[in-house]
Structures are given as C-alpha cells and as structure tokens.
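Here the structure comes first, spelled out in structure tokens, and everything after it is commentary.
Atom set for the values below is all heavy atoms of this structure, side chains included, hydrogens, waters and symmetry mates excluded.
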Amino acid sequence: GEHKPPDSSLGHAEEIWRLEGQQGHVPRNLRMCLKLIEFTKPEVIIQPPGWQTTLHPRANITLSMYAIGCHTLSSARLLLVPGSNVGDCGLHLSRLSNTRDHSSWTALLAASIQVASLPGATRCRGLSLWKKQIPLTMAKDVLQLRGQVPAAVAGEFCVAVAAEFDQNWRKQSSPDPAISPR
C-alpha cells in the first residue's frame, strides 16, 4: 500500500533552523541534505589578520580560524609563500584552491616556509547555518596558528593556510561488513 505519514509528523518550516524540541520528518531531512552539501567542499574560514602587510624577520604572527565541511581538520599549516611564486596573493591562491592541479600545489608548498602548524587533528565546526553569528574572537571553537617569521626571511610573501581534512576516513573500529573501505 501507499505510505502516508500523518501531517502532524511532517514538521514546520521554522523547525529547519532549530535543533531542540520535537522535529518533523521534512525539516530533519532538509538539514541532513544541507549537511551532505556542506561536505562536498571543506574549507578553512580565517579571521582577517591584524598584522602589517610587510612581515619583518622574527615578527610574531597569529592567525585565527575554524574549519567547516568536514568531520576532522586533520592538519593545518601557516605558510609564507614567496610573492614571486604567486603575484597577486588573493587572486592566485583562491584560483589555485579551486583546481585539482596537484603539481601546482606541490610546487607552491615546496617553495613555502612553514611558520606554524596545528599540534594535532581537531573537530570541525559544522555547518555555519546552525551556529549563532558571533565574532571569531569570541567563539570557543576557533583555532590559533601562532608562529614567528624566520630570521632569514626577506622579500614579499603571501600568508596562506594549507589544510587537510578527514584523513582518518580509513580507520574503522568495527566495520559491518568486516572489510576495508574502498
């Protein structure tokens, strides 16, 4: 026969934006679809830095950030990319982040100087739609990358974050069926 749940179990539009209380089928399923969409492109959200555009040797730099679109931020490295390798920092790096040209990434990372890195993997924030909009400086789940510009560094550099997401996907505690991921 035809499956028709009672209208009272379907839910209401306002339930999409709240997670507490009774939830209907439709709002729950919409949230699930939004979560899947979020996982198609993990990203690091960065607070605009407060340092000068010219970084001096031995200068301390701190970058505030959080990750979305993933379960785990596996690693994050704060890098100084030689300006001669990229030209316009924002334009070149944003174009490169949207490509699958791994040789370009590998060359850029090899020419970069690492200033800081996360000490270990950490949970991602989750879909920003469900979080109250608060300044990054006040959020509890903001990560800090802190480091010092090496003494021998000279010239113009772009500051970038190289991140890896969900690198632990192959680790399973009790898979069913008992086979490795493919």
State, yes or no, whether a side-chain contact exists between [X] and [Y] at a heavy-atom distance under 4.5 Å.
X    : Y    : answer
D166 : P42  : no
R77  : L145 : no
L79  : F157 : no
K4   : D7   : yes
L73  : F165 : yes

> Could you state the interatomic distance from CD1 (I68) to NZ (K41), rounded to the nearest 0.5 Å?
Replying inline: 9.5 Å

> In this structure, are over 12 heavy atoms from other groups packed under 6.0 Å from Q148 atom CD?
Replying inline: yes

> CZ of R123: more than 12 outside heavy atoms within 6.0 angstrom?
Replying inline: no

> Hey, mind stepping through M65 and V161 against side-chain contact (heavy atoms from CB on, under 4.5 Å) and telling me if it holds?
Replying inline: CA-CA 10 Å; M65 58 175 234; V161 174; 4.2 Å; yes

>> Strictly distance-based, threshold 3.5 Å: is any side-chain N or O of R31 a donor or acceptor partner for the main-chain N or O of E15?
In response: yes

>> Do F39 and V44 sit in one hydrophobic cluster, given that two such residues count as connected whenever their side-chain heavy atoms are within less than 4.5 Å of each other, even indirectly?
In response: no

>> In this structure, would L30 and L10 fall into the same cluster of hydrophobic residues linked by side-chain contacts under 4.5 Å?
In response: yes

